Amino acid sequence: MLSSIRTLWYTFLHLFHRSETVQYPEEMPYLAPRYRGRIILSRDPDGEERCVSCYLCAVACPVDCISLQKTEEDGRWYPEWFRINFSRCIFCGFCEEACPTYAIQLTPDFEMSEYERHNLIYEKEDLLISGTGKYPDYSFYRVAGLAIPGKDKGDAERERPPVDRHGLLP
Amino acid sequence: MNPIVFGLLNIVGILLALVIGAALLTWIERRLLGFWQDRRGPNRVGPFGSLQVVADMIKILFKQDWIPPFADPVVFVLAPAVVMVTTLMAFAVVPVTASIGIAGDMNIGVLFFLAMTSLSAYSVVLAGWASNNKYSLLGGMRAAAQMVSYEVFMGLALLGVVMLSGSFSLAAIVRAQSGLWFVVPQFLGFVVFVIAGIAETHRLPFDLPEGENELGAGFHTEYSSMKFGMFFVGEYIGIVLISAMIAVLFFGGWQGPLLPPIVWFALKTGVFVGFFILLRAALPRPRYDQLMAYGWKLMLPLSLLNVALTGAVMLTHW
């Protein structure tokens, strides 16, 4: 009986507590920089696409919502098309973890509702952004040992020249 | 003014105020529950969300009004009307102020109030029975047992007030409190009456007839649309009725300094309506056997003790 009255009093005191509610559309909640929201494809600092079509994201995706097609141009690999079905995506972030070139990244944005389901299928031009995302300085082709036009083997950052296996000098 | 016109104005005014007030209470309740749970409650429609009622009304009126094929259609339709009619009828004897009120001076006011609240038990029982559904029936049976047993000492709790004021008329009871509110000499009666009132309106924590987590929704499981709405408006009018009765019987009704009498009445009633909502926010529901044991083993002896003590004091000191 007494505890009931005490409960009543404590509940009444909550009238003077601050409300926990965040008034969402007017007042945005804070989303951490590494929040797992809408997926984007980033570019390297030179403005080239980072994605090298290795298919690792599509393999890692537990709900198979990523599909893409590799194509090649001047020794660089690109996705011919890149498609993410966001009506399937569970925003687990495995694609981001699998990506060897930091190309695919999850962003702090979740406001992507659509009235029609097929509008949730994002094509490459919807996914590509003009910036570098979370890793501003990384450029795959600058650090990779792959020869592309304008950068021969051994020219990459912190890469020694290739060993001449036919030479006699030590 | 012509007394007939005045009487009609009284009736229409009280009726409108009650129905609109009961509808608004749905919003007030949700808002207050929100505050007490550190939320905000409905605050989107209209100023502070006050037009939420209108939105809810539109929605509930456009819902399909469905009578299940296995139900007893006549009783099924009748049941929600009974609760509205009886609780509204009970308001006829509540003296809002000395002049406002339909039959505040009726010489059997207290008895009329008790009779009407007892009749409203039929609504719940009939709803449970006509739904032809075991959960509804269980809810209806619980309501019947609960209301009948709490009815007993609700009447007994009022006896002390009736003895002190020497009248069954509610207006006379209010006038008898001009010196001292009856809550002071009749504190025990007040506590018992409040608890019986909660059980009578089957509000939380005594809402066992509904008992969402064990009976679905109890007696109104099969109800939809405005018939469901009627049960709820009826329940809210019941809250206002019990609150008004607490104010009239124990807190001096319309009497108070400075402010006009109608404001005092509304204020006192409002405080108890708020208290009812606070109860819902704070207390868990007891088990059914606990509820019955509590009623018969604790509240009934207490109310009898109250009557006996009041009688003894009156015999020795008057």
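Everything quoted here is computed from the prediction, not taken from an experiment.
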> What distance separates His14(A) NE2 from Gln37(B) CD, expressed to the nearest 0.5 Å?
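The NE2 atom of His14(A) sits 9.5 Å away from the CD atom of Gln37(B).
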
> Surrounding CH2 of Trp9(A) (heavy atoms of other residues, nucleotides or ligands, distance under 6.0 Å), is the total greater than 12?
no

> Please check if the number of heavy atoms outside Phe187(B) that lie under 6.0 Å from its CZ is greater than 12.
no

> For the candidates Leu13(A), Thr7(A), Leu8(A), which exhibits the highest count of non-hydrogen atom pairs separated by less than 4.5 Å from chain B?
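Of Leu13(A), Thr7(A), Leu8(A), Leu8(A) has the most heavy-atom pairs under 4.5 Å with chain B.
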
> Looking at every non-hydrogen atom in both residues, tell me the closest pair between Asp38(B) and His17(A) and how far apart they are.
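That closest heavy-atom pairing would be OD1-CB, 3.3 Å.
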
> Any chance you could measure Trp36(B), atom CH2, to Phe16(A), atom CZ, to the nearest 0.5 Å?
10.0 Å

> Nearest 0.5 Å please: distance from the CG atom of Leu33(B) over to the OG1 atom of Thr11(A).
10.5 Å

> Check this for me: Phe62(B), atom CZ, are more than 12 non-hydrogen atoms of other residues, nucleotides or ligands nearer than 6.0 Å?
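It does not: Phe62(B) CZ has 12 such atoms or fewer within range.
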
> Which atoms of Leu283(B) are under 4.5 Å from chain A, going by heavy atoms: the side chain, the backbone, both sets, or neither?
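Only the side chain of Leu283(B) comes within 4.5 Å of chain A.
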
> Mark yes when over 12 heavy atoms from residues, nucleotides or ligands other than Met141(B) sit less than 6.0 Å from its CE; otherwise mark no.
no

> Go through the steps for Arg40(B) and Gln23(A) under the test side chain to side chain contact (heavy atoms under 4.5 Å, CB included), then give the verdict.
CA-CA 9 Å; Arg40(B) 286 177 197 257; Gln23(A) 299 278 66; 3.5 Å; yes

> Evaluate whether atom NZ of Lys59(B) has more than 12 neighbouring non-hydrogen atoms of other residues, nucleotides or ligands under 6.0 angstrom away.
no

> So for atom NZ, which belongs to Lys63(B), do other residues, nucleotides or ligands contribute more than 12 heavy atoms lying within a distance under 6.0 Å?
no

